[in-house]
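Quick note: numbers below take in every heavy atom, side chains included, and nothing from hydrogens, waters or symmetry partners.
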Amino acid sequence: MRALRFGPDAVLVEVADTATALDIALWSRERITALDIVPAAGTVLFDGVADIDAVLATLEEWRPGGSDVEGDLVEVPTTYDGPDLADVARTWGIEVDDLVERHSSTEHVVAFCGFSPGFPYLTNTLGLPPVPRRSSPRARVEPGSVGLAGEWTGIYPTASPGGWQLIGRTTVRLFDPAARQPALLPPGTRVRFTRA
């Protein structure tokens, strides 16, 4: 772990992997006061801190595995009819029904949000190889589309271009800027996809 001063009121922590970033972010919630704590694939940003030296000192107390992921469990009803569903199953050498069963029986965890507001990057523990992105991104992906890319499952909160392999769709609203907590699925949230 390497912690760096990042501007006048922020600290950027660089780590080896996504799991460590999430662990630090969750551990820090009870210990560090910041306007925002933002985990990513290999970093954690502590933005809007009053005392950078105090943050750096607190981070020295962190030890790997210091936080259990005990976030809320959110069920996401999903219709598994995405245009890439059969191709992904073929890539993995399994039947479509097997893919759906694995995906819907796995408890996913939001590691971080990015790409667009409320877009969750969910750990993919299906026990299968990473999924390549589409060779040619779509110009428009509909909101609520559930996709796979690399080792992640993601859900598009809004319409946008995208290169993820789409396996289904949901009507769950992922981002509401007027809500007290705009993102439905913040980092640490446990997610289970259920068949709609």
H108 side chain to T189 backbone, donor-acceptor under 3.5 Å
no
Same apolar cluster (I L V M F W Y, side chains within < 4.5 Å links), L122/V88
yes
Backbone of V172 reached by a side-chain donor or acceptor of T170 within 3.5 Å
yes
Nearest heavy-atom neighbours spanning A34 and V49:
CB-CG1, 3.6 Å
Any chance you could lay out the side-chain contact (heavy atoms from CB on, under 4.5 Å) test for L59 and R31, step after step, and finish with the verdict?
CA-CA 9 Å; L59 287 170; R31 296 171 175 86; over 6 Å; no
Proximity of W164 and F115 rings by center, below 6.0 Å
no
Hey, could you give me the CD1/CZ distance between I94 and R102, rounded to the nearest 0.5 Å?
5.0 Å
Check whether more than 12 heavy atoms from other residues, nucleotides or ligands sit under 6.0 Å from atom CZ of F6, and answer yes or no.
no
Between atom CG of D47 and atom CG of L35, what is the distance when rounded to the nearest 0.5 Å?
6.0 Å
Quick one: which of S116, P143, C113 gives a side-chain contact (heavy atoms from CB on, under 4.5 Å) with P157?
S116
May I ask you to decide if D87's main-chain N or O and T91's side chain share a donor-acceptor pair within less than 3.5 Å?
yes
Can you tell whether the side chains of R195 and E101 come within less than 4.0 Å, N to carboxylate O?
yes
Heavy atoms, side chains only, cut-off 4.5 Å: are V191 and L185 in contact?
yes
I want to check something: taking the side chain as every heavy atom from C-beta on, are W152 and T18 in contact at a cut-off of under 4.5 Å?
yes
CG of D72: more than 12 outside heavy atoms within 6.0 angstrom?
no
Answer yes or no: is there a donor N or O on one side and an acceptor on the other, between the side chain of D51 and the main chain of D53, under 3.5 Å?
yes
Main-chain N/O of T194 paired with E75 side-chain donor or acceptor, under 3.5 Å:
no
Carboxylate-amine/guanidinium proximity below 4.0 Å for R2 and E14:
yes
ILVMFWY network linking I155 to V74, side-chain heavy atoms under 4.5 angstrom
yes
Check step by step if side-chain hydrogen bond (donor to acceptor under 3.5 Å, both in side chains) holds for T20 and D23.
CA-CA 5 Å; T20 303; D23 187 45; over 6 Å; no
So, for A21 and P39, which heavy atoms are closest and what is the spacing to 0.1 Å?
O-CB, 4.0 Å
State the CD-OG distance between Q165 and S145, to the nearest 0.5 angstrom.
12.5 Å
With side chains defined as the heavy atoms from C-beta onward, is the minimum distance between V13 and M1 less than 4.5 Å?
yes
On a heavy-atom basis, the closest approach of L174 and G118 is CB-O, 4.2 Å
Which heavy atom of R133 sits nearest a heavy atom of A149, and at what distance?
CG-CB, 4.0 Å
Would L128 end up clustered with V100 when hydrophobic side chains under 4.5 Å apart are linked, directly or stepwise?
yes
Would you call the rings of F119 and Y156 parallel, tilted or perpendicular if under 30° counts as parallel and over 60° as perpendicular?
perpendicular
Nearest heavy-atom contact between P130 and E151 is CB-N, 4.2 Å
Interatomic spacing from CG in L22 to CG in D17 - rounded to 0.5 Å
10.5 Å
May I ask you to say whether R138 pairs ionically with D84, meaning some side-chain N is under 4.0 Å from a carboxylate O?
yes
Let me check something: do V11 and W27 share a hydrophobic cluster, defined by ILVMFWY side-chain heavy atoms less than 4.5 Å apart, either directly or through other members?
yes
So do S28 and W62 actually touch side chain to side chain, heavy atoms under 4.5 Å?
no
Are I52 and L12 linked, directly or through other ILVMFWY residues, by side chains that come within less than 4.5 angstrom of each other?
no
Rounding to 0.5 Å, atoms CG (L99) and CH2 (W92) come to a distance of 5.0 Å
Backbone N or O of L166 within a donor-acceptor pair of the R169 side chain at under 3.5 Å?
no
Is a side-chain N or O of Q181 found less than 3.5 angstrom from the main chain of A183, in a donor-acceptor match?
yes
Take R173 and L184 through the side-chain contact (heavy atoms from CB on, under 4.5 Å) test and state the conclusion after the steps.
CA-CA 7 Å; R173 185 174 185 186; L184 174 67; over 6 Å; no
Whether T123 side chain and V109 backbone form a donor-acceptor pair below 3.5 Å:
yes
Starting at CZ of F193, measure out to CD1 of I167 and round the result to the nearest 0.5 Å.
7.5 Å
So, for R140 and E142, which heavy atoms are closest and what is the spacing to 0.1 Å?
NE-OE2, 2.7 Å
